[in-house]
2 protein chains.
Amino acid sequence: MRNPKGRAQPNDLSVGEMAQRAGVAVSTLHFYEAEGLIQSWRTSANHRRYDRRMLRRVAVIRVAQGLGIPLAEVGKMLEKVPMEGAVRKGHWSDASEAWRGALEARIAKLQALRDQLDHCIGCGCLSLENCPLYNPNDSLGEAGPGARRL
Amino acid sequence: MRNPKGRAQPNDLSVGEMAQRAGVAVSTLHFYEAEGLIQSWRTSANHRRYDRRMLRRVAVIRVAQGLGIPLAEVGKMLEKVPMEGAVRKGHWSDASEAWRGALEARIAKLQALRDQLDHCIGCGCLSLENCPLYNPNDSLGEAGPGARRL
DNA sequence: GTGCGTCCTCAAGTTCACTTGAGGTCAAGC
DNA sequence: GCTTGACCTCAAGTGAACTTGAGGACGCAC
């Protein structure tokens, strides 16, 4: 990506600037770029330059990370939002729609945990079968890290 | 732990039984035990036997895991509940109390994400400074995996 | 022309939460 | 007496999400 706009964009950000403004390490941006989550173009000195919209993408990635959603999922969601060309509001809302169900489920689960932690744990219903909280098979980032079965 | 009760407890569970009932792999139980999250005694054949209350501990661990809370945090919370002797309801509610604040915060964050995903992402406020969602420094499992700075 | 700061790449290291594998014990059933 | 199944230990591997380190390039300032 060697400056697709064909000219210098003084508003574009260097890695250092991006890192500072997004609150992440430079190495993290390198990593996200290698994973295809964000994109940059290069100056003649081979330095990265980021369009400001990448800031928004990074912010979304971090929020999702904070909620325990794996990068692969975030990546799928972000595919709906173009990196170049016009980004309409509709792109983002299309993307967000895909997450609504999972978010709702997560909220419900957390609320159930909060409301029932005393009672539910106290009464033993967390011993599995009857508990509304304990449902091993749900998706979107609930798998967690670690080696998985083949 | 060589049967502290001094006699066979026919209601106690083997690893296999525990694994099946808790919905986790046998290796996971070995791992949790090595981490001090659960406890067992051994038969004369050196096989593990679990008190039924360990089922509840495992369930709590799994729920917490599903919410992205790291094992170290879960361990601290579980320290409040004794592994042997009488477990009173108060033990669990004491333990749960420590989590309330963090759970509330998490719920609020998720709700904000749900309610504002369209608008917030669409309008660009996720570009950091103004966004109620994007707050890099909070605790209880929001750090995520990976190498950390020394 | 010599620092200094910022950037580059690529390989290897790290943490967490497990899983997998090799090699072995023990009790029950045929 | 041999196989089968469930269990044991200990070491090493795995995947995700990064970080750290080595070695080097570029551009500006003095």
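To find a chain, count down the sequence lines: A is the first, B the second, and so on, and within it residues start at 1.
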Would you say [X] reaches [N]'s phosphate, i.e. side-chain N/O to OP1/OP2 under 4.0 Å?
| X | N | result |
| --- | --- | --- |
| B:Arg62 | C:dC18 | yes |
| B:Thr28 | C:dA17 | no |
| B:Tyr32 | C:dA17 | no |
| A:Gln65 | D:dA16 | no |

Given 3.5 Å as the limit, does a donor-acceptor pair link the side chain of [X] with the main chain of [Y], or not?
| X | Y | value |
| --- | --- | --- |
| B:Arg52 | B:Leu13 | no |
| B:Arg49 | B:Thr43 | no |
| B:Gln65 | B:Ile69 | yes |
| A:Gln20 | A:Glu17 | no |

Give the C-alpha distance, both sets of side-chain angles, the deciding distance and a yes or no for side chain to side chain contact (heavy atoms under 4.5 Å, CB included) between A:Arg57 and A:Leu78. CA-CA 8 Å; A:Arg57 289 180 80 96; A:Leu78 286 177; 3.4 Å; yes
Quick check on the helix from C:dG1-D:dC30 to C:dC30-D:dG1: what's the angle between its two end axes, five base pairs per end, to the nearest 10°? 30°
Pair A:Trp41, A:Asp12: side-chain N/O donor-acceptor within cut-off below 3.5 Å: yes
Does either side chain, that of A:Tyr50 or that of A:Glu33, offer a donor lying less than 3.5 Å from an acceptor on the other one? yes
Could you give the [atom1]-to-[atom2] distance, from [X] to [N], as a whole number of Å?
| X | N | atom1 | atom2 | answer |
| --- | --- | --- | --- | --- |
| B:Leu71 | C:dT19 | CG | C1' | 15 Å |
| B:Glu73 | C:dT15 | CD | P | 18 Å |
| B:Glu33 | C:dC18 | CD | C1' | 15 Å |
| A:Trp41 | C:dC7 | CH2 | P | 14 Å |
| A:Leu29 | C:dC8 | CG | C1' | 14 Å |
| A:Phe31 | D:dG21 | CZ | C1' | 18 Å |
| B:Gln20 | D:dG5 | CD | P | 16 Å |

Applying side chain to side chain contact (heavy atoms under 4.5 Å, CB included), run through A:Met54 and A:Ser40 and close with a yes or a no. CA-CA 8 Å; A:Met54 292 302 153; A:Ser40 66; over 6 Å; no
Within-4.5 Å side-chain heavy-atom neighbours: B:Arg48 and B:His30: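 Yes; the side chains approach each other to less than 4.5 Å.
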Any N/O pairs under 3.5 Å between the protein and nucleotides 6-12 of chain D? List them or say none.
unit_1: D:dC7; atom_1: OP1; unit_2: B:Ser14; atom_2: OG; d: 3.0
unit_1: D:dC7; atom_1: OP1; unit_2: B:Gly16; atom_2: N; d: 3.3
unit_1: D:dC8; atom_1: OP1; unit_2: B:Arg48; atom_2: N; d: 2.8
unit_1: D:dC8; atom_1: OP1; unit_2: B:Arg48; atom_2: NH1; d: 2.9
unit_1: D:dC8; atom_1: OP2; unit_2: B:His30; atom_2: NE2; d: 3.4
unit_1: D:dC8; atom_1: OP2; unit_2: B:Arg48; atom_2: NH1; d: 3.2
unit_1: D:dC8; atom_1: O5'; unit_2: B:Arg48; atom_2: NH1; d: 3.4
unit_1: D:dC8; atom_1: O3'; unit_2: B:Arg42; atom_2: NH1; d: 3.3
unit_1: D:dT9; atom_1: OP1; unit_2: B:Arg42; atom_2: NH1; d: 3.2
unit_1: D:dT9; atom_1: OP1; unit_2: B:Arg42; atom_2: NH2; d: 3.0
unit_1: D:dT9; atom_1: OP2; unit_2: B:Arg48; atom_2: NH1; d: 3.1
unit_1: D:dT9; atom_1: OP2; unit_2: B:Arg48; atom_2: NH2; d: 2.8

